[in-house]
Number of protein chains: 2
Amino acid sequence: MASAPPPASSRDLLLDAAERLFAEQGFARTTIKQIGRAAGVNSALLYYYFADKRELYREVLHRFVARLVARTMDASAGDDPEAGIRAFVAAQADTIALHPHAPRLFVRELVDADPGAAVDQVRLLAVTSFRRLCALIEEGQRAGLFRPDASAPFAAISTIAQLAYFSIARPAVALLLGKQRDGVSAATARDFARHAADFALAALAARPAPRARRSAGRARAHRSAR
Amino acid sequence: MASAPPPASSRDLLLDAAERLFAEQGFARTTIKQIGRAAGVNSALLYYYFADKRELYREVLHRFVARLVARTMDASAGDDPEAGIRAFVAAQADTIALHPHAPRLFVRELVDADPGAAVDQVRLLAVTSFRRLCALIEEGQRAGLFRPDASAPFAAISTIAQLAYFSIARPAVALLLGKQRDGVSAATARDFARHAADFALAALAARPAPRARRSAGRARAHRSAR
DNA sequence: GTCTATAGGCTGATAGAC
DNA sequence: GTCTATCAGCCTATAGAC
């Protein structure tokens, strides 16, 4: 934990309020006046610090991605493949826990036909965190720890997708898990983060005995949903 | 494949146009006039068939979920656990391929603090497709095919999260995979669907030799990203 | 069933005082 | 740096002719 941040400038207050509101309601539905009200400052002040509503949005997005990259890169450096992947997923979970609204904010941008502001942030992720995760998987494959027949980028997507989806669709996940409250508890989120790392590592693990685990079942049932 | 649908009524044209536009731009940014224009009918006609913009949205959502439930339930019925899970994922992939915009539409609703229209649809999914997937996993655990230490609901979420995330974040995935065009090819999507089923089944598979696969690495690196 | 025309409300952004 | 006041533009939804 970094030391408690100083007074908190109006600029930061605006960024914090915007992060929450944009994530909860989306860009279009969130109004300038709402942000000003939530930040406790006048809404016109927004135009003193940011060129327009869009730039405020970009700034919020960038703050989150920068922290995600820093934490995942930091946590997964210099470890062996298995420990590195565990640390990577843990860092992903921790960053999300600190910015619970950010994944939703991010995904809102990603689903756009024109992912405008997000495209630069995704590019950054692609050459840092995502590349690191792929490298860890490939290293494990070379070392004989992981099965060699899996595509490293695909496996990396499957790995990050778990926590990403969990936090994005959190209200829905609560319903799927049969929770009553409209939120998943922090403890459940932690449990799922551990599960996600286990799940990915189990999926990657080299089979100790690659014998006839299934003899005739490989080709069938593959396209049964036509 | 059902036989080619007849002429396509104005109502259906509106629904189709709305599905695409809502998914691409979101609810708020999509205007009544855009939908009318895209559907090739007058925008005021929308109020003849639907009470308001919101009801049109609910209708689009319901159409997709109903088809997803039908296909996944149909495909995964009566199979053994492994074949059932493969069929389930294949049905998920096929439904998405037929409604490429729908997952984005759906997730837009899910990320809202108040998932309004989606909550009923998620409830429906929870007691049908999701429950089926959990049952398949538990059945495999009882039969000794799958590791007994995994949580079935968590594993089910991890399973569906892969394709869900892939199709939701499609523009970002294209960047992560280093594709030039701003879309992932249909072939790549098919490859990923196969990978997703393999990944999930490998993660679930019972270890033939549960010996010392890792001796001292369990506890460490778990919280390294503080 | 499909259209034209328009009312009425809300929003992003600016001007300018302090 | 922070505020008040305000406007021009766009959007949903309705009325009503055909």
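In this text, all values refer to a predicted model and were calculated from it rather than measured experimentally. Residue numbers start from 1 in every chain, and the chains themselves are labelled A, B, ... in the order their sequence lines are given, proteins ahead of strands.
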Atom pair CZ/CZ of A/F106 and A/F22 - distance to nearest 0.5 Å:
15.5 Å
Do A/R132 and A/S76 have side-chain atoms, one donor and one acceptor, less than 3.5 Å apart?
yes
Between CG of B/L46 and C1' of D/dC11 the distance, given in whole Å, is 13 Å
Using the rule given for side-chain hydrogen bond (donor to acceptor under 3.5 Å, both in side chains), can you reason through A/Y57 versus A/E109, listing the C-alpha separation, both sets of side-chain angles and the distance that settles it, and then say yes or no?
CA-CA 10 Å; A/Y57 189 78; A/E109 195 70 16; 3.0 Å; yes
Mind checking ring pair (Phe, Tyr, Trp, His ring centres under 6.0 Å) for A/F199 and listing every partner two or more places apart, or none if nothing turns up?
A/H195
May I ask you to say what A/F50 touches in the nucleic acid, namely base, sugar-phosphate or nothing, with a heavy-atom cut-off under 4.0 Å?
nothing
Name the residue closer to the 5' end of DNA chain C, choosing between A/A51 and A/T31 according to the nucleotide with the nearest heavy atom.
A/T31
May I have the distance from B/D12 (atom CG) to C/dG1 (atom P), rounded to whole angstrom?
12 Å
Taking side chain to side chain donor-acceptor pair (under 3.5 Å) as the definition, give me every residue that meets it alongside B/R11, ordered by chain and number, with sequence neighbours left out.
none
In this structure, how many angstroms lie between the P atom of D/dC11 and the CD atom of B/Q25, rounded?
11 Å
To the nearest angstrom, the CZ-C1' distance between A/R29 and C/dG9 comes to 18 Å
Side-chain atoms of B/K53 come closest, of C/dT2, D/dT12, C/dA13, to D/dT12
Could you tell me how far apart A/Y47 (OH) and C/dG16 (P) are, to the nearest whole angstrom?
18 Å
D/dT2 phosphate, OP1 or OP2: any side-chain N/O from A/Y49 under 4.0 angstrom?
yes
As a test of reading the structure: which of D/dA13, C/dT2, D/dT2 is closest to the side chain of A/Y48, going by heavy atoms?
D/dT2
Send over the distance from A/D52 CG to C/dT14 C1', rounded to a whole Å.
13 Å
Could you give the distance from CD (B/Q25) to CZ (B/R104), rounded to the nearest 0.5 Å?
10.5 Å
Under 4.0 Å from OP1 or OP2 of C/dG1: is there any side-chain N or O of B/S10 that close?
no
Can you check nucleotides 3-6 of chain C for protein contacts, nitrogen or oxygen pairs under 3.5 Å, and list what you find?
{"from": "C/dC3", "atom 1": "OP2", "to": "B/N42", "atom 2": "N", "distance (Å)": "2.6"}
{"from": "C/dT4", "atom 1": "OP2", "to": "B/N42", "atom 2": "ND2", "distance (Å)": "2.7"}

Is it the case that A/H99 and A/E19 place a side-chain donor and acceptor less than 3.5 Å from each other?
yes
